Amino acid sequence: MSPSLLALLGFIAWTLLLLVIMETIRSRLVLTGAVAANGFQPDNANLSPFMQRLARAHANCLEGLPVFGGLLLLAAVAGRTAVTDPLAWVLLGARVVQSLIHLASTSPAAVTARFTAFAVQMGIAVYWVVRLYVA
């Protein structure tokens with residue numbers, strides 16, 4: 001499997017891991033009676049700040065998957081992974097870093113660092129679009 005497809009698998013796995021963590025915590029809250037089974041808001045607004053950040057980090061992955069995953073998949077289908085392979089792991093790393101920072105803090109420094117990780121992903125995606133289009 002090409003590095004691009006492995007990075008896509010990693011992106012999906014990371015998104016799934018965030019969901020599993022969120023649902024494990026939610027299940028614990030239901031089983032302990034802390035929250036009713038139907039008492040959850042999609043953004044976890046009625047839960048702890050960590051759970052709210054977790055929901056947002058997961059949502060960020062879902063929002064980015066069509067763009068970043070789509071480019072990786074397009075390159076694979078078109079036989080152009082030579083364009084995406086060199087930066088595929090960088091993109092995945094930046095996504096994981098963005099999520100981890102999101103989970104850790106919402107301080108101004110953390111938000112700046114989180115945006116920087118996102119900007120790396122956007123820059124890579126723009127570069128890929130241009131390279132895939134020109135080729």
Side-chain angles (χ1 to χ4, degrees):
M1 196 177 307
S2 75
S4 292
L5 289 178
L6 286 171
L8 177 56
L9 179 61
F11 195 116
I12 293 166
W14 178 250
T15 304
L16 180 60
L17 177 63
L18 293 174
L19 179 62
V20 167
I21 292 168
M22 183 165 49
E23 295 313 317
T24 299
I25 295 169
R26 283 178 165 197
S27 295
R28 184 171 177 257
L29 291 170
V30 169
L31 293 172
T32 61
V35 178
N38 64 349
F40 295 101
Q41 296 177 12
D43 61 357
N44 289 336
N46 59 327
L47 301 178
S48 71
F50 173 79
M51 286 295 287
Q52 292 170 39
R53 293 191 309 274
L54 179 56
R56 194 65 209 133
H58 178 255
N60 285 164
C61 287
L62 291 175
E63 293 162 358
L65 187 56
V67 174
F68 305 124
L71 285 167
L72 290 165
L73 190 58
L74 175 68
V77 169
R80 301 296 321 274
T81 58
V83 170
T84 54
D85 281 351
L87 294 174
W89 292 110
V90 176
L91 181 114
L92 177 59
R95 168 54 59 179
V96 170
V97 166
Q98 178 188 353
S99 297
L100 291 174
I101 294 168
H102 207 147
L103 295 175
S105 176
T106 58
S107 72
V111 170
T112 299
R114 192 174 79 220
F115 176 76
T116 300
F118 181 64
V120 167
Q121 295 165 72
M122 286 190 307
I124 290 170
V126 168
Y127 172 73
W128 285 347
V129 165
V130 170
R131 288 283 317 278
L132 289 168
Y133 181 75
V134 169

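Numbers here simply count residues along the sequence, with the first being 1. What's counted below: heavy atoms across the whole structure, side chains too, no hydrogens, waters or symmetry copies. Since the structure is predicted, the reported quantities are computational estimates derived from the model, not experimental observations.
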Next on the checklist: Within the structure provided, determine whether Leu92 and Trp89 are in side-chain contact (heavy-atom separation under 4.5 Å).
Outcome noted: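 Of all side-chain heavy-atom pairs linking Trp89 with Leu92, at least one is under 4.5 Å.
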Checklist entry - Under a 4.5 Å cut-off applied to non-hydrogen side-chain atoms, are Trp128 and Leu74 in contact? => result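 Answer no - side chains too far apart.
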Item to check | Residues Leu47, Ile25; criterion side-chain contact (heavy atoms from CB on, under 4.5 Å); working and verdict | outcome: CA-CA 11 Å; Leu47 301 178; Ile25 295 169; over 6 Å; no
What about [X] and [Y], same hydrophobic cluster or not, with Ile/Leu/Val/Met/Phe/Trp/Tyr joined at side-chain heavy-atom distances under 4.5 Å?
| X | Y | value |
| --- | --- | --- |
| Ile124 | Ile101 | no |
| Leu8 | Leu17 | yes |
| Leu62 | Val67 | no |
| Leu87 | Val130 | no |
| Val96 | Leu9 | no |

If you round to the nearest 0.5 Å, how far is [atom2] of [Y] from [atom1] of [X]?
| X | Y | atom1 | atom2 | result |
| --- | --- | --- | --- | --- |
| Leu100 | Arg114 | CG | CZ | 12.0 Å |
| Leu72 | Leu91 | CG | CG | 6.5 Å |
| Leu103 | Phe50 | CG | CZ | 5.0 Å |
| Leu65 | Asn60 | CG | CG | 12.5 Å |
| Tyr127 | Leu132 | OH | CG | 10.0 Å |
| His58 | Asn44 | NE2 | CG | 11.0 Å |

Can you give me the closest heavy-atom contact between [X] and [Y], atom names plus distance?
| X | Y | answer |
| --- | --- | --- |
| Pro42 | Ala55 | O-CB, 4.1 Å |
| Val20 | Thr24 | O-OG1, 2.7 Å |
| Gln41 | Ala45 | OE1-CB, 3.1 Å |
| Ala37 | Val30 | CA-CG2, 3.8 Å |

Checklist entry - For residues 9-22, which residue pairs qualify under side-chain hydrogen bond (donor to acceptor under 3.5 Å, both in side chains), counting only residues two or more places apart or in two chains? => result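 Found Trp14-Ser99.
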Checklist entry - Judged by modelled atom types alone, do Ser4 and Thr84 share a side-chain donor-acceptor pair under 3.5 Å? => result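 Their side chains do contain a donor-acceptor pair, which is all the 3.5 Å distance test asks for.
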Summary of salt bridge (Lys or Arg N to Asp or Glu O under 4.0 Å) pairs that have at least one residue in [range], sequence neighbours excluded:
| range | answer |
| --- | --- |
| residues 67-88 | none |
| residues 19-41 | Glu23-Arg26 |
| residues 117-135 | none |
| residues 31-58 | Arg56-Glu63 |

Item to check | Plane angle bin for Phe68 and Phe118 - parallel if under 30°, tilted between 30 and 60°, otherwise perpendicular | outcome: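 Perpendicular.
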Next on the checklist: List the residues meeting side chain to side chain contact (heavy atoms under 4.5 Å, CB included) with Ala104, not counting sequence neighbours, and say none if there are none.
Outcome noted: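 So Ala104 forms no side chain to side chain contact (heavy atoms under 4.5 Å, CB included) with any residue.
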